Structure formats: structure tokens, C-alpha cells
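One structure is given here, and the rest of the page talks about it.
Predicted model, so just to flag it, every value in this text is computed and none were measured.
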Amino acid sequence: MGNRVAREDYEWVYTEQPHANRRKEILAKYPEIKTLMGPDHRLKWIVCIMVAVQFLAFYLVKDLDWKWVLFWTYAFGSCINHSMTLAIHEISHNTAFGNNRAMWNRYFAMFANLPIGLPYSASFKRYHLDHHRYLGGDGVDVDIPTEFEGWFFCTRFRKFVWIILQPLFYAVRPLCINPKPITHLELSNTAIQVCFNVALYWLWGGKPLFYMLAGSLLGMGLHPISGHFIAEHYMFLKGHETYSYYGSLNLLTFNVGYHNEHHDFPSIPGRRLPMVKKIASEYYDGLPSYSSWVKVLYDFIMDDSISPYSRVKRTLKGDIKQE
């Protein structure tokens, strides 16, 4: 458990990210893919149902013994809350109401944020679009671990702890790598969420509040679905910086596993990404992919050549336009 990862730096490259060029090639060959772009009109109804289910769960757990609160927090609450974060990911690309109703998407994301308990949807939107534009960009892409994470979490045990603490690092990392001025939307997001949390506690007590907050933290830590955090961009094979996952958990995660397809076409909703792969199969079938996020987590911990440093990084040039 004490074997130390030999890697002491990121994988620095001096090429552009691959997704823009591949998108141009695919659209030139298959222009019909443009018809897949645009909002997914089912998304808003799915999100409303998920929020309603969690509201019902808040009511049901209020009278349970703590042992059952703990059980259902991990067995159910963590799954639906992680799924809700990926609904917010979908909404950040304006797939709920379309680009013409951008503010509707922003406030709908705050609604989807309610059962998660931690106000993050407004900030996520700003940083996530930078991640797409400047994938691996030094000082801009906050999806890449900090120098401290790469240096310290370098043994199997420490990598295990790092996975558990992923929600903490995702929250703190933007403040260390690319701090931005607070916007009125972020203030609104925080105010709405705090009011909701207080109301939940006032109505039904501490157990629903614990179920909500602990479910979010557990679901984004040591959890099968959280394997997507590592599967998407950690360099298990040299020369590849984005990987897709084609397993069954895509059903719970709005097809976020189709990650090469998503970065190639971020304006296409997750529900239609399998059609991208089907139409342009020759562009994706040869790329490395995964069938198990649990195996990704296991391999990340046990492989002594992989660590938080195992990310492709590039120095950005020219005019950088951030959100």
C-alpha cells in the first residue's frame, strides 16, 4: 500500500486539443449530425421527477432510525444526487430550454440544485465551459488536479483517500487555480439553496438534511458512479486525454460516459450522443474506452503508474476568453 507513483509532473503536450479538429472532420463527412443539436425537451420533465422523488425521500427518512437513514443515504440518495449533478451538467449546455432561453436554463439548474444541498450550479456553468474550450489549459481548466494533489496523493492508500475526498477538491480547486469574481447568479444560487436547506430542517428536522448533504458527498466520493470523474480524462494510455464509457450506468447519468462524443459535440444532448457514435462510428470505435467505472476506480488506486498527475496539460496561447 506504500508503493509510490513514479510520475512527478503532468503530461505536457504542445498540440491543440483533438476535439475541435475531429468535430470539423465529422461534420464535413456527416452534416446530418447538426440535426441532433438543440434542446432535449424531455430533460426538464425528467429533472422535475427526480427532484420530486428526492422531496418524497426527505419526507420518508425523517422518521427512520439512523441506521436506515445511513443505509438509504448511500444506497439511494447518493445515486440520485450524483445523477442530479449530471443533469446540471446537461443544463449547463442549455439543453433544457435551448440557447435562446439561456437564463431559463440558469434558474432551472438552481431548481435542480435544491436536493443536492450544496449551491454550485451557477459556478459549475462558468468553469465547465472553460473546460470545454481550453481542455487541459494550464491555469484555466480546473478539472485538472493541483500540484499539491499530484505531489501528495502518490501511494495506493493516499489515492484511495483522494477519491473519497473528491467533492472537497472539486470545490476548492477553482479557488486555487482560476479564481473568478462572484456573480449575481452565484449569489442567487447560494441564497436560494440556503433558504431551502433551512426550510427543510425547519419542516422535517436533521435527518432529511443529513440524507441530502451526506448523499451528495458520498455519491461524488467513493461510489461506482464517481468513476466517471477519473474515466473521462485521466491518461491511462499515453497520447489519449479523453475516454468514453459504454456501460449501463449511462442510463443514470444522462450518457455522460459518451465523453469523446460529448467533447466533440457539446451542444448535442446526452440522450442523442449514442446516435453520434452510430453515425460516425469509424471515428470512435478505435478509441480506447471503458465498460466499468468500478474497474476504473480500482485500476486508478492499484496501478502504480497512475496518479492525479496523470493528466494531459498544455500552455495556452493567444486570446483566452473565459466565462
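One distance of note links CG of Asn189 with CG of Asn113; it measures 5.0 Å at 0.5 Å rounding. Once rounded to the nearest 0.5 Å, the distance linking CG of Leu252 with OG of Ser83 reads 6.0 Å. Rounding to the nearest 0.5 angstrom, the gap separating the SG atom in Cys154 from the CG atom in Asp304 is 10.5 Å.
A donor-acceptor pair is defined here as one N or O able to donate and one able to accept, closer than 3.5 Å; no such pair exists between the side chain of Asp130 and the backbone of Val140. A donor-acceptor contact shorter than 3.5 Å is absent between the side chain of Asn105 and the backbone of His93. Using a distance-only test at 3.5 Å, with no hydrogens or angles considered, no donor-acceptor pair links the side chain of Ser123 to the main chain of Tyr120. In this structure, the side chain of Tyr10 engages the main chain of Glu147 through a donor-acceptor pair within 3.5 Å. Although no hydrogens or angles enter the test, the distance criterion places no donor-acceptor pair under 3.5 Å between the side chain of Asn81 and the main chain of Gly215. Judged by distance alone, the side chain of Lys159 and the main-chain N or O of Asp303 form a donor-acceptor pair under 3.5 Å. Under the 3.5 Å distance criterion, the side-chain polar atoms of Asn250 are matched with a main-chain donor or acceptor of Gly247. Of the possible donor and acceptor atoms, one in the side chain of Arg314 sits under 3.5 Å from a partner among the backbone N and O of Leu135. Put simply, the side chain of Asn255 gets close to the backbone of Gly270: a donor and an acceptor are under 3.5 Å apart. In this structure a side-chain-to-backbone donor-acceptor pair under 3.5 Å is present from Ser188 to His184.
Using a 3.5 Å distance cut-off with no hydrogens or angles, the side chains of Tyr211 and Gln54 do pair a donor with an acceptor. When only modelled atom types and interatomic distance are considered, Gln193 and Asn197 share a side-chain donor-acceptor pair under 3.5 Å. Counted by atom type alone, Glu149 and Thr146 present one or more donor-acceptor pairs between their side chains at under 3.5 Å.
When every heavy atom of Lys62 is checked against every heavy atom of Pro208, the shortest pair comes out as CB-CG, 3.9 Å. Taking both residues in full, the closest heavy atoms of Met235 and Val312 are given as SD-CG2, 4.0 Å, listed atom of the first, atom of the second, then distance. Closest of all the heavy-atom pairs between Pro39 and Gly98 is CB-N, 3.7 Å. A pairwise comparison of heavy atoms in Asp285 and Lys277 identifies OD1-NZ, 3.0 Å as the closest pair. For the residue pair Val69 and Val61, the shortest heavy atom distance occurs at CG2-O, 3.8 Å. Considering every non-hydrogen atom in both Val47 and Ala87, the closest pair reads CG2-CB, 3.9 Å.
Annotation for Tyr283: hydrophobic cluster partners, listed by chain and number, are Ile26, Leu27, Tyr30, Ile33, Leu36, Met37, Tyr246, Tyr258, Phe265, Ile268, Leu273, Met275, Val276, Ile279, Tyr284, Leu287 (ILVMFWY side-chain heavy atoms under 4.5 Å, direct or chained).
With sequence neighbours excluded, the residues satisfying ring pair (Phe, Tyr, Trp, His ring centres under 6.0 Å) with Trp66 are Phe210.
No more than 12 heavy atoms of other residues, nucleotides or ligands lie within 6.0 Å of CD in Glu8, so this atom counts as exposed by the packing criterion. The environment of CH2 in Trp204 is crowded: more than 12 heavy-atom neighbours from other residues, nucleotides or ligands sit within 6.0 Å. Remark: Asn100 CG is loosely packed, at most 12 non-hydrogen atoms of other residues, nucleotides or ligands lying under 6.0 Å away.
Ring pair His89/His228: centre-to-centre distance not below 6.0 Å. A ring-centre distance under 6.0 Å is not found for His259 and Tyr290. Checked against the 6.0 Å centroid criterion, the rings of Phe169 and Phe229 do not qualify as a close aromatic pair. Taking the six-membered ring for Trp and the full ring otherwise, Tyr245 and Trp293 have centroids separated by under 6.0 Å.
Checked for salt-bridge contact, Arg133 and Asp141 miss the test: no charged N lies under 4.0 Å from a carboxylate O. Between Arg311 and Asp143 there is a salt bridge, since at least one side-chain N of the basic residue sits less than 4.0 Å from a carboxylate O of the acidic one. Under a 4.0 Å N-O distance rule, the pair Glu186/Lys180 does not qualify as a salt bridge.
Taking the six-membered ring for Trp and thresholds of 30 and 60 degrees, His128 and His132 have ring planes more than 60 degrees apart, a perpendicular arrangement. Ring geometry for Tyr234 against Phe300 counts as perpendicular: the plane angle is over 60°, on a 0 to 90° scale with 30° as the lower cut. Between Phe152 and Phe148, the ring-plane angle classifies as parallel under the 30° and 60° cut-offs. Between Phe196 and Phe55, the ring planes lie parallel to each other; the angle is under 30°, not in the 30° to 60° tilted range.
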### Task
Show your reasoning for whether side-chain hydrogen bond (donor to acceptor under 3.5 Å, both in side chains) applies to His263 and Thr242.
CA-CA 8 Å; His263 269 265; Thr242 305; 5.3 Å; no
### Message
Run His262 and His19 through ring-ring contact (aromatic ring centres under 6.0 Å, His included) and show every step you take.
### Response
CA-CA 9 Å; His262 171 61; His19 300 288; 9.4 Å; no
### Task
Report the C-alpha distance between Tyr107 and Phe97 in whole Å, list the side-chain angles of each, state the deciding distance to 0.1 Å, and finish with yes or no for ring-ring contact (aromatic ring centres under 6.0 Å, His included).
CA-CA 11 Å; Tyr107 282 102; Phe97 297 99; over 10 Å; no
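Seen from the ring of Tyr170, Arg173 counts as a face-on cation partner, given the 6.0 Å and 45° thresholds.
Met50 and Ile116 fall within the same hydrophobic cluster, defined by Ile, Leu, Val, Met, Phe, Trp and Tyr side-chain heavy atoms under 4.5 Å apart, directly or through other members. Side-chain heavy atoms closer than 4.5 Å link hydrophobic residues (I, L, V, M, F, W, Y) into clusters, and following such links, possibly through other members, connects Trp12 to Ile144. In the hydrophobic cluster analysis, where Ile, Leu, Val, Met, Phe, Trp and Tyr join through side-chain heavy atoms closer than 4.5 angstrom, Leu222 is grouped together with Tyr298. Hydrophobic clustering places Leu203 together with Leu56 (ILVMFWY residues linked when any side-chain heavy atoms are closer than 4.5 Å, directly or through intermediates). Under a hydrophobic-cluster definition in which Ile, Leu, Val, Met, Phe, Trp and Tyr are linked whenever side-chain heavy atoms come within less than 4.5 Å, directly or via other members, Leu70 and Phe58 are assigned to the same cluster.
For the pair Trp162/Pro308, a side-chain contact is recorded, criterion being any heavy-atom separation below 4.5 Å from C-beta on. Taking 4.5 Å as the limit, every side-chain heavy atom of Ser121 sits out of range of all side-chain heavy atoms of Phe108. When side chains are defined from C-beta on, Arg126 does not count as touching Leu185, because their heavy atoms never get closer than 4.5 Å.
Checked against Leu86 for a side-chain contact (heavy atoms from CB on, under 4.5 Å), the options His82, Glu90, Met84 give a single hit: His82.
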